[in-house]
K.L.:
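Structure provided below as structure tokens; questions to follow.
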Amino acid sequence: MADVIDSEVFLAFSTYATIVILKMMSMSFLTAYFRITRKAFANTEDTFTAKTPEEKKKMLRVNDDVERVRRCHQNDLENIIPFVVIGLLYTLTGPELSTALLHFRLFVGSRFVHTLSYVMALPQPSRALSWIVGIGVTGSMAYHVLTIVLRL
Amino acid sequence: MADVIDSEVFLAFSTYATIVILKMMSMSFLTAYFRITRKAFANTEDTFTAKTPEEKKKMLRVNDDVERVRRCHQNDLENIIPFVVIGLLYTLTGPELSTALLHFRLFVGSRFVHTLSYVMALPQPSRALSWIVGIGVTGSMAYHVLTIVLRL
Amino acid sequence: MADVIDSEVFLAFSTYATIVILKMMSMSFLTAYFRITRKAFANTEDTFTAKTPEEKKKMLRVNDDVERVRRCHQNDLENIIPFVVIGLLYTLTGPELSTALLHFRLFVGSRFVHTLSYVMALPQPSRALSWIVGIGVTGSMAYHVLTIVLRL
């Protein structure tokens, strides 16, 4: 275990994986923030601040800002989790530290750009490019893993 | 490998991670149960029990109970997967068994309370509190990981 | 680390986990393909090909083909990620190579059948069966893990 933990690549992977997962989790707070400020909820029990049944009903609605953050969060789930899984397997193949760092930094950077592009609705192709860079990094690591470990 | 597998913290992590993932998977069955009993489906090929085209069309609808379970399942994905990833890295840093157990038990307990609060629509803040406890545990482990492994 | 990486079961797990995660990621491209060909987008900044504001508005719509792929992708998230997590823990318990290969192949095969059934809207129970086979495999590995590592 000491070997795994002491490898510089594993320490770097742990750092970047933790940071990007924390970024993903922060979307929950952003959703909660928009739900409360926009008064747009999905569950009746969340509308307890309403004084009248009409107000209660009005608060159960879909809001564009909330939906935008939720789509961004969903995109994180679809891209960050594959990065973490493939990145762990990639790390265990013992790649060069510099190559690994390039992959990790590029991915984490691209996801921060992606979130900014999404939440601030920046003009395309900012979001599309940051998304494709992230997929490219994960794809490159997956290719590296398969060339080394392939056992069907 | 024997070292990793034999560590008490790793065994505890494996146990709690497996239990909470199984809990998450059980939401699929609850969704299927509500879809069948409420006759509310999302795909035309799922309405094969319908006798007439009108009945078929009527079964393609959104149902509140189904959507509630699906939101609960989505919240599981957004919270339990980060716990598993960060929890694994946390376990590999070799924490004290008692501290680790406190984290794992608190998280898994909070997610069971969260599911009950969500599916039974218990009054707030039961769901909000159980959600924040889970995030707190994962955040605490993430902080611990970053203080030990940080390599940017 | 060399021990972990050199075990045949771990190499097989890495191979199948990478393949099934790549399959999951391919759903993103299928969604993008359907969004572009069906001209059905979720974000205003994605409708930049529209020439008039009316056309722009018309392109912000829900399309059945897009939604079908998104449901399939969601089902992948709900099933493939538990497989990867439980599969990793299962691999670390040191199972027989033949038994492990049976689990991995059955799961990955069932998910490819599931995707085909879903995207091509094949008549039930093709999708239901492939879904339940995948859950059965993950459940069997979870049972194996719990019988070996259980530490509550």
Side-chain angles (χ1 to χ4, degrees), chain A residues 1-32 35-36 41-49 60 62 69-70 72-74 76-78 80-85 87-88 91-92 97 100-101 104-105 108-109, chain B residues 1-7 9-10 64 67-72 74-94 117-128 131-132 134-152:
Chain A
M1 194 156 109
D3 281 6
V4 180
I5 274 300
D6 291 345
S7 122
E8 282 295 315
V9 179
F10 196 86
L11 292 175
F13 171 72
S14 301
T15 304
Y16 287 99
T18 302
I19 288 170
V20 82
I21 289 273
L22 287 176
K23 191 225 77 60
M24 183 169 87
M25 290 173 71
S26 72
M27 304 312 288
S28 296
F29 289 98
L30 204 55
T31 303
R35 281 206 184 284
I36 291 165
F41 298 94
N43 303 294
T44 35
E45 67 268 29
D46 300 353
T47 60
F48 55 89
T49 58
L60 287 176
V62 171
V69 176
R70 291 185 61 219
C72 183
H73 199 168
Q74 183 70 15
D76 273 355
L77 286 170
E78 292 168 5
I80 290 177
I81 301 166
F83 164 79
V84 169
V85 173
L88 176 65
T91 299
L92 294 176
L97 179 61
L101 277 174
F104 302 158
R105 284 172 184 161
V108 175
Chain B
M1 194 156 110
D3 282 5
V4 181
I5 275 300
D6 290 345
S7 120
V9 179
F10 196 86
D64 277 351
E67 294 309 306
R68 180 173 281 279
V69 177
R70 291 185 61 218
R71 285 196 298 275
C72 183
Q74 183 70 14
N75 196 283
D76 273 356
L77 286 170
E78 292 168 4
N79 288 279
I80 290 177
I81 300 165
F83 164 79
V84 170
V85 173
I86 308 251
L88 176 65
L89 300 175
Y90 169 76
T91 299
L92 294 177
T93 64
S117 310
Y118 217 143
V119 175
M120 302 178 71
L122 298 186
Q124 289 282 26
S126 56
R127 198 182 89 233
W131 173 71
I132 209 75
I135 287 188
V137 170
T138 307
S140 162
M141 295 193 304
Y143 175 78
H144 183 87
V145 169
L146 287 182
T147 54
I148 291 193
V149 305
L150 197 65
R151 291 287 189 291
L152 282 171

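Lettering of chains follows the sequences in order, A, B, ..., and the numbering in each one begins at 1. Values in this document were obtained by computation on a predicted structure and should not be read as measured data.
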K.L.:
Using non-hydrogen atoms only, which part of B:L150 is less than 4.5 Å away from chain A: side chain, backbone, both, or neither?
P.N.:
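Contact with chain A: backbone and side chain both.
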K.L.:
I need the minimum non-hydrogen distance between B:R71 and A:A42, along with the two atoms involved.
P.N.:
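Taking every non-hydrogen atom into account, NH2-O, 3.3 Å.
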K.L.:
Roughly how far, to the nearest 0.5 Å, is the OG1 atom of B:T138 from the CG atom of A:L22?
P.N.:
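So the gap between those two atoms works out to 9.0 Å.
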K.L.:
Considering only heavy atoms, which portion of A:M24 lies under 4.5 Å from any heavy atom of chain B: side chain, backbone, both, or neither?
P.N.:
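For A:M24, the side chain is the part near chain B, not the backbone.
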K.L.:
Is it the side chain or the backbone of B:L88 that comes within 4.5 Å of chain A heavy atoms, both, or neither?
P.N.:
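B:L88 touches chain A through side-chain heavy atoms alone.
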K.L.:
If you define the side chain from C-beta out and look only at heavy atoms, does anything of B:V85 sit under 4.5 Å from A:I81?
P.N.:
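No, side chains not in contact.
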K.L.:
Before accepting this row, confirm whether a basic side-chain N of the pair A:R70/B:E78 lies closer than 4.0 Å to the acidic partner's carboxylate O.
P.N.:
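Salt bridge: no.
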K.L.:
Which residues satisfy the ring-ring contact (aromatic ring centres under 6.0 Å, His included) test with A:F104, sequence neighbours excluded?
P.N.:
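Only A:F13 meet the ring-ring contact (aromatic ring centres under 6.0 Å, His included) criterion with A:F104.
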K.L.:
Measuring only between side-chain heavy atoms, which start at C-beta, is A:T18 closer than 4.5 Å to B:Y90?
P.N.:
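No, every pair of side-chain atoms sits at 4.5 Å or beyond.
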K.L.:
Would you check if B:Y118 and A:N43 make a side-chain contact, meaning some heavy-atom pair closer than 4.5 Å?
P.N.:
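Counting from C-beta outward, B:Y118 and A:N43 do come under 4.5 Å.
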K.L.:
I'd like to check A:L77 versus B:Q74 (side-chain heavy atoms, cut-off strictly below 4.5 Å). Are they in contact?
P.N.:
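Of all side-chain heavy-atom pairs linking B:Q74 with A:L77, at least one is under 4.5 Å.
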K.L.:
Top residue by heavy-atom pair count (under 4.5 Å) with chain A, among B:D64, B:I135, B:V145?
P.N.:
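Most heavy-atom pairs within the cutoff with chain A belong to B:I135.
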K.L.:
Mind checking whether B:R68 and A:T44 have side chains closer than 4.5 Å, heavy atoms only?
P.N.:
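Heavy-atom side-chain distance check passes, below 4.5 Å.
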K.L.:
ring-ring contact (aromatic ring centres under 6.0 Å, His included) with A:F29: which residues, sequence neighbours excluded?
P.N.:
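Partners of A:F29 under the ring-ring contact (aromatic ring centres under 6.0 Å, His included) test: B:W131.
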K.L.:
Going from OG on A:S14 to CD1 on B:I148, what distance comes out if it is rounded to the nearest 0.5 angstrom?
P.N.:
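A:S14 OG to B:I148 CD1: 10.5 Å, rounded to 0.5 Å.
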K.L.:
Are any non-hydrogen side-chain atoms of A:E45 and B:P123 less than 4.5 angstrom apart?
P.N.:
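Side-chain contact under 4.5 Å: no.
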